[in-house]
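Treat the numbers as computed from the prediction; the structure is a model and nothing was measured.
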Amino acid sequence: MIEDAKLRELFKAESEEHLQHLDDALLQLEKTPADRALLEDAFRDAHSLKGAARMLGLGAIQAPARELEDELNAARSGELALDAAAIGRMSAELAQVRRLVNDAVSEASAGAAAVQPLHEGSRDSAADTAPVALAPVAVTIQAGAESAGAEPAPSAPFRIESVRVDTRKLDALMTHAGELTVTRTRLARRVPDVDALIDLMDEWARREPVRRQALAVADSGEGLERRARMGMLLGRLRAGLSEDSARLDYLAGELESGIRLARLLPLSDVFRLFPRMVHDLGREQGKELEFVIEGEGTNADKRILEEIKDPLMHMLRNAVDHGIEPPQEREVAGKPRRGTVCIKASLAAGIIAIEVSDDGRGLDEQEIARAAAKRGLASEAALASMSSAEIQALVFSPGMSTAGFVTDVSGRGVGMGVVRANVDRLKGSIQLQSTRGKGTVITLLLPVTLATVRVLVVEVNGHPYGLPVEYVQVSKQVAADAVFAVEGRDAILHQGSPVSVAALGELLQLPRSVERSAAGEAPVATPCVLLAVGSETFGVFVDELLDEQQVVLKPQSALLERVRNVAGATILDSGEICMVLNPQDLLASVRKGAAPIAAPEAHSAGERKKAILLAEDSITTRTQETRILESAGYEVVAAADGLEAWNKLAARAFDAVVSDVMMPNLDGLALAARIRREPRYAELPIILVTSLASNDDKRRGLEAGANAYLTKTAFDQRILLDCLQRLI
């Protein structure tokens, strides 16, 4: 049982999520035992659940959770077959863990635990013989005595000081606030339009008498009155519009700020989980430790607190297990017997820095290199050419572990890979500094909130793209002769060092600009934005720098969550849809080099582009798919639902139809069936792209007449383009 109410609430929420994920995974693994990704996710959930129980000293939960983790790990390595017997055994272990968790988070159990020591501590010699059941009786008598006394004093009015709100509702409100901000900006842009109209009215009023005089036409009093009235109405409209715009600007800002603040919680809600874990782990390993916490009052978005707990837990475990030496070893090295592990948080310029440090032995680069080579993470030749920082960064690779055997703490290839995955998901970055014999410092740089992001808006091929400002170092004009080759990649000099650069359009696999290609030569200088991801800097060439804006980031559609280089989408102040790019992916693309997507053969000069009819009700997904298809050289006509697509199909010829399934008015299945009923469309290729992934869903899609059925688990832009090339 957990006596601390706050810890009990946090463990309850976390364990419920892990238990549900494990339950769902075991049910699915019984059907698809070869699903490696699902098995990995289940193993991570069991590992995290065991770690949380260990952290709170819940040994009764930790033991069966460890058994479940061991069996899932055996299945990962191929030592255990995921047959019905194994799944049944793991399901029974999961049910046992669930019962124990329910007992641990029960408020009744915790309340009894909190009351019991009070009675034990206050018993006298006569009370020693009293049965344990007397504790509840004392409470009952106290309540009875109070009710039998004088009339109770009037109490303060009943008030509920706080309410619990589902964060999804806050997310929805934040989205609406972002849309309101866009509307506010567009309304503000109407004011200059009215000013221009007033100026035209004034100019006309000045010229009209001259024109009438030249024509010898007298101006009637009625005409003068109408012009005066029109001028008065325009002036009133202008004043009212300015006032409404200013008021809306204030309210939208207050609403967005209030919702953002409502999502912020102190990091102490997470940091308070770690002292017990560090203390117990150090004691088990015979190490003397001092655990220091700083900056726990720093606030961050609720989702960041939820996502960052596991990474911090793994980092602290590694600091104790791998970093801090035993007391005798520290004395021989001239260090104090007591090692120090510190977790520190700070806030600056909208970025939260969470630093986990220790004064232990530091990273052994030779051991890291040997482990990386053994696990196939890097070749001997690649390791030989790596810098010290690059070798140290290998500790974040999935499956990386230097432990020689498996323990509760390490050796399973989970730890630091979780850190990298979670930080990337939070759009953050990691910095690592380690000195052999002196210690290690790992710093996580995270945005304060995930709901909004400040972006530098750039233009490529006539479309806007957003680069998160926290990654932008500087923008500069770069002459063509300033670019040189280093190890097969383009580079420029920045602060005396070579920095890899690439055209953003090539990284995004966009076709070359028609205007620039027709010109026959590159411009004298091109805008280049230098981005920093961790300790690495690289540059991207763009066509133009447009603006810097605070935007509401909309997450990727489930169908498009694998689109490389794209973090999400937003709507700019102008009302345009803008893709917000992922600097980590861009860096990976720069390293690998971006091979352009081959356009269909029929797109050669002199031949018409193949036309695609795209039916998708989500505007964000529709825009992303349109850009993917247009980048491959197709002409795209988009429709917001199946009925609109059917009407557009009748208006012109298309070479293929790409459609969602779940749409209003006419869904994708009905659209496909209607198309196939028409003899003239018998050979028209139809591709359904949907999140409905069951075998029955696929069967219904093919029965409706679709030629291909792409699901979100398999969706990739190259798969879609390859499919189109085969079918057209």
Side-chain angles (χ1 to χ4, degrees), residues 1-2 7-56 58-109 164 166-168 273 302-303 305-307 309-311 313-314 408 412-414 417-418 421-422 425 558 561 691-697 711-713:
M1 59 193 68
I2 306 171
L7 291 177
R8 184 168 66 249
E9 181 182 347
L10 292 172
F11 181 70
K12 179 180 180 181
E14 179 188 12
S15 59
E16 285 177 351
E17 181 179 354
H18 290 313
L19 290 169
Q20 187 60 52
H21 287 174
L22 283 166
D23 201 18
D24 295 341
L26 291 178
L27 289 172
Q28 187 62 31
L29 285 171
E30 193 169 8
K31 302 175 184 177
T32 57
D35 191 334
R36 296 290 304 175
L38 187 61
L39 182 59
E40 287 289 337
D41 290 342
F43 172 70
R44 289 185 187 278
D45 278 307
H47 183 81
S48 297
L49 182 60
K50 181 206 71 176
R54 175 194 182 93
M55 183 168 49
L56 295 175
L58 301 174
I61 297 176
Q62 182 185 345
R66 171 64 187 271
E67 293 176 7
L68 179 59
E69 180 193 25
D70 286 340
E71 292 198 88
L72 289 169
N73 192 40
R76 289 171 72 211
S77 60
E79 299 173 6
L80 175 67
L82 285 176
D83 52 20
I87 295 293
R89 187 168 58 253
M90 285 188 277
S91 297
E93 292 167 352
L94 181 61
Q96 180 186 6
V97 173
R98 188 182 294 275
R99 286 193 298 271
L100 293 170
V101 167
N102 289 337
D103 290 342
V105 300
S106 168
E107 294 187 11
S109 299
R164 298 184 63 179
D166 190 331
T167 52
R168 288 174 296 184
L273 301 174
K302 178 180 183 292
R303 184 187 155 201
L305 267 65
E306 294 168 342
E307 297 281 350
K309 185 191 74 70
D310 282 349
M313 182 172 67
H314 288 302
D408 282 346
R412 296 175 176 270
V414 177
V418 170
N422 284 37
R425 190 161 56 245
E561 58 188 358
S691 59
L692 302 176
S694 71
N695 290 330
D696 287 340
D697 293 323
T711 64
K712 69 176 184 179
T713 55

Notebook entry, point to check: Heavy-atom distance under 4.5 Å between the side chains of E71 and L80, does that happen here?
Noted result: yes
Next item on the list: Indicate the atoms forming the closest heavy-atom contact of E93 with L68, along with that distance.
Entry: OE1-CA, 3.5 Å
Margin query: Rounded at 0.5 Å granularity, tell me how far CG in L19 sits from CD in E17.
Written below: 10.5 Å
Check: Going through the distances and angles, do E16 and Q20 end up as a side chain to side chain contact (heavy atoms under 4.5 Å, CB included)?
Finding: CA-CA 6 Å; E16 285 177 351; Q20 187 60 52; over 6 Å; no
Check: How long is the gap from CG on D310 to NE2 on H18, to the nearest 0.5 Å?
Finding: 5.5 Å
Check: Any idea which heavy atoms bring R36 and A75 closest together, and the distance?
Finding: NH1-O, 3.7 Å
Next item on the list: Might you point out which heavy atoms bring L22 and A42 nearest each other, and give the distance in Å?
Entry: CD2-O, 3.2 Å
Checklist line | Spacing of L29 atom CG and K31 atom NZ [to the nearest 0.5 Å] | finding: 11.0 Å
Next item on the list: Please report the closest heavy-atom contact between A104 and I61, naming both atoms and the distance.
Entry: CB-CD1, 3.9 Å
Next item on the list: Taking all heavy atoms of L38 and all of A25, pick out the closest pair and write down the distance.
Entry: CD2-O, 3.9 Å
Checklist line | Check: H314 and H47 side chains under 4.5 Å, non-hydrogen atoms | finding: yes
Check: When rounded to the nearest 0.5 angstrom, what distance separates CG in N102 from NZ in K12?
Finding: 8.5 Å
Next item on the list: Looking only at non-hydrogen atoms, find the nearest pair between P64 and Q96 and report the distance.
Entry: CB-OE1, 3.9 Å
Margin query: Working to the nearest 0.5 angstrom, can you tell me the gap between E69 CD and D45 CG?
Written below: 11.0 Å
Item checked: Verdict with supporting geometry, R76 and N73, side-chain hydrogen bond (donor to acceptor under 3.5 Å, both in side chains) -> CA-CA 5 Å; R76 289 171 72 211; N73 192 40; 2.9 Å; yes
Notebook entry, point to check: How far does CD1 of I87 sit from CE of M90, to the nearest 0.5 angstrom?
Noted result: 4.0 Å
Notebook entry, point to check: With side chains defined as the heavy atoms from C-beta onward, is the minimum distance between L39 and L82 less than 4.5 Å?
Noted result: yes
